[in-house]
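Take a look at the structure below.
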Amino acid sequence: MSSYFVTNFPIFCICIAMGIVSFSHFKTNKKNSIYVFAILSLCLILSVTVYLDIYADQHANILLGTWMTYLGYVIRPVCIYFFIRMADRDRLLPTWIFYATMGLNALLYAPALFVGMEFAKVAYQYIVSGDTPAELLMVRGPLNYSSHILSALYLAYTIFISFRLISMKHRDDALVVLICAAFVVTAVVLEATQLAVNLLNFIIAISCVFYFFFVNRDVDRRDALTQLYNRKTYYEDVARNMARVAGVILFDMNGLKQLNDNQGHEEGDKAIRAISQAVLCSLLKDMSAYRMGGDEFLILSLHSGEKELLHVAQDIQKKVDEAGYSVSFGIAYHQEKEDVDTLVKRAEIEMYKDKSEYYRTHHIERRRR
């Protein structure tokens with residue numbers, strides 16, 4: 001028993017530390033905290049199954065070895081599923097697909113539980129070696145790799161999620177998901193080639209922790225309503241990239257106060273979200289978008305020139321118009337010895353000119369906030 005605790009001591013440390021951290025973040029990030037608890041709990045169960053499987057092998061206990069192997073095959077895809085639930089914000093695949101595939105996986109390995117029966121060989125079957133001392137030998141059936149195939153499909157889906165995050169301009173998120181998937185794939189390969197034992201449990205736990213800390217760090221950097229970066233992150237990014245900023249796009253919504261007054265703040269929030277989606281779909285790779293507060297947004301460009309900035313602004317304007325809303329823009333390009341604050345002030349002047357023109361042409365009396 002002591003060997004089990006020594007071997008799995010890193011997992012115990014991870015579970016204790018993450019239990020404390022997840023509990024402290026439970027109110028602000030309930031969903032991911034629950035998934036972290038689930039993944040780490042399953043990793044602990046897997047560590048027990050591995051230990052008991054080794055014990056069964058050493059003592060030629062067919063029944064115990066069969067059940068522990070069965071639990072390992074069934075639980076590992078479930079761990080990856082919970083990680084997918086953390087990373088997949090939009091839930092592109094319905095939950096029932098995952099439940100159905102995990103249930104099918106459990107059924108495919110179920111014949112092995114009927115120890116000694118001929119049909120048990122379709123999944124796997126243990127036999128006792130004739131050596132002294134006797135050990136268990138696994139005879140793999142045609143369905144033995146079902147769990148590996150399902151895990152591979154789940155991992156492929158996580159990679160798909162990462163590429164989709166890239167298309168949505170969440171490049172940091174995508175990188176973290178890809179790194180976690182690479183960790184797990186490497187662990188699977190090392191175990192499959194018998195270069196490592198009991199490695200996957202550790203890697204799943206570590207990947208879970210890595211992603212959880214990234215998500216909570218990223219939550220603090222993003223605006224809760226729009227998922228654009230917040231004002232605090234803007235100041236951090238400006239301080240880090242002061243010399244590299246090539247241009248600024250500043251814009252805010254026309255008529256938000258009237259919309260809130262006439263139709264309620266929920267409709268106003270809906271409009272803000274629609275504008276943020278238009279922004280995310282229009283950004284170039286070197287650009288970052290921020291919600292500065294209320295209905296005011298700002299885009300920082302590190303390399304793009306006048307032509308690219310104008311194109312992005314026009315693209316956002318088109319998408320916002322299609323959504324049934326309106327925004328006013330101000331664009332400023334970097335000039336020699338000009339800092340970001342000066343750029344923003346110039347963009348602000350242009351934005352208010354555009355806003356005044358909007359209210360004039362639409363014959364609307366502008367109401368000061």
Determine whether R346 and E350 satisfy the following criterion, salt bridge (Lys or Arg N to Asp or Glu O under 4.0 Å), listing intermediate values before the conclusion. CA-CA 6 Å; R346 287 204 293 113; E350 294 300 317; over 6 Å; no

Using a strict 4.0 Å threshold on nitrogen-to-oxygen distance, state whether E266 and K270 make a salt bridge. no

Taking the cut-offs as 6.0 angstrom to the six-membered ring centre and 45 degrees off its axis, would you call R140 and Y124 a cation-pi pair? no

Near F12 CZ, under 6.0 Å, is it more than 12 heavy atoms from other residues, nucleotides or ligands? yes

Find the distance between CG (D341) and CD (E348) and round it off to the nearest 0.5 Å. 11.0 Å

To the nearest 0.5 Å, what is the distance between CE (M102) and CD1 (I80)? 11.0 Å

Hey, mind stepping through E357 and S328 against side-chain contact (heavy atoms from CB on, under 4.5 Å) and telling me if it holds? CA-CA 9 Å; E357 182 67 15; S328 293; over 6 Å; no

Do Y157 and I161 come within less than 4.5 Å of each other through their side chains, counting heavy atoms only? yes

Under the side chain to side chain donor-acceptor pair (under 3.5 Å) test, which residues partner N105, sequence neighbours left out? none

Is the distance between the ring centroids of F98 and Y154 under 6.0 Å? yes

Sorted by chain and residue number, the side chain to side chain donor-acceptor pair (under 3.5 Å) partners of S326 (sequence neighbours excluded) come out as N254

Quick one: sort the Y234 and Y290 rings into parallel, tilted or perpendicular, breaks at 30° and 60°. perpendicular

How long is the span from the OH atom in Y229 to the CD atom in E236, to the nearest 0.5 Å? 11.0 Å

Establish, yes or no, whether a centroid distance under 6.0 Å links the rings of Y70 and Y109. no

Starting from the C-alpha separation in whole Å, work towards a yes-or-no answer on salt bridge (Lys or Arg N to Asp or Glu O under 4.0 Å) for E322 and K319. CA-CA 5 Å; E322 291 173 351; K319 289 181 171 64; over 6 Å; no

Between D321 and K318, does any NZ, NE, NH1 or NH2 come within less than 4.0 Å of an OD or OE carboxylate oxygen? no

Between the OH atom in Y333 and the CD1 atom in I249, the distance rounded to the nearest 0.5 Å is 8.0 Å

Could you pull out all residues at least two apart from K345 that satisfy salt bridge (Lys or Arg N to Asp or Glu O under 4.0 Å)? none

Would you compute the distance between atom OH of Y73 and atom OG of S146 and round it to the nearest 0.5 angstrom? 9.5 Å

Taking the side chain as every heavy atom from C-beta outward, state whether Y126 and V115 have any pair of such atoms under 4.5 Å apart. no

Interatomic spacing from CD1 in I203 to SG in C79 - rounded to 0.5 Å: 13.0 Å

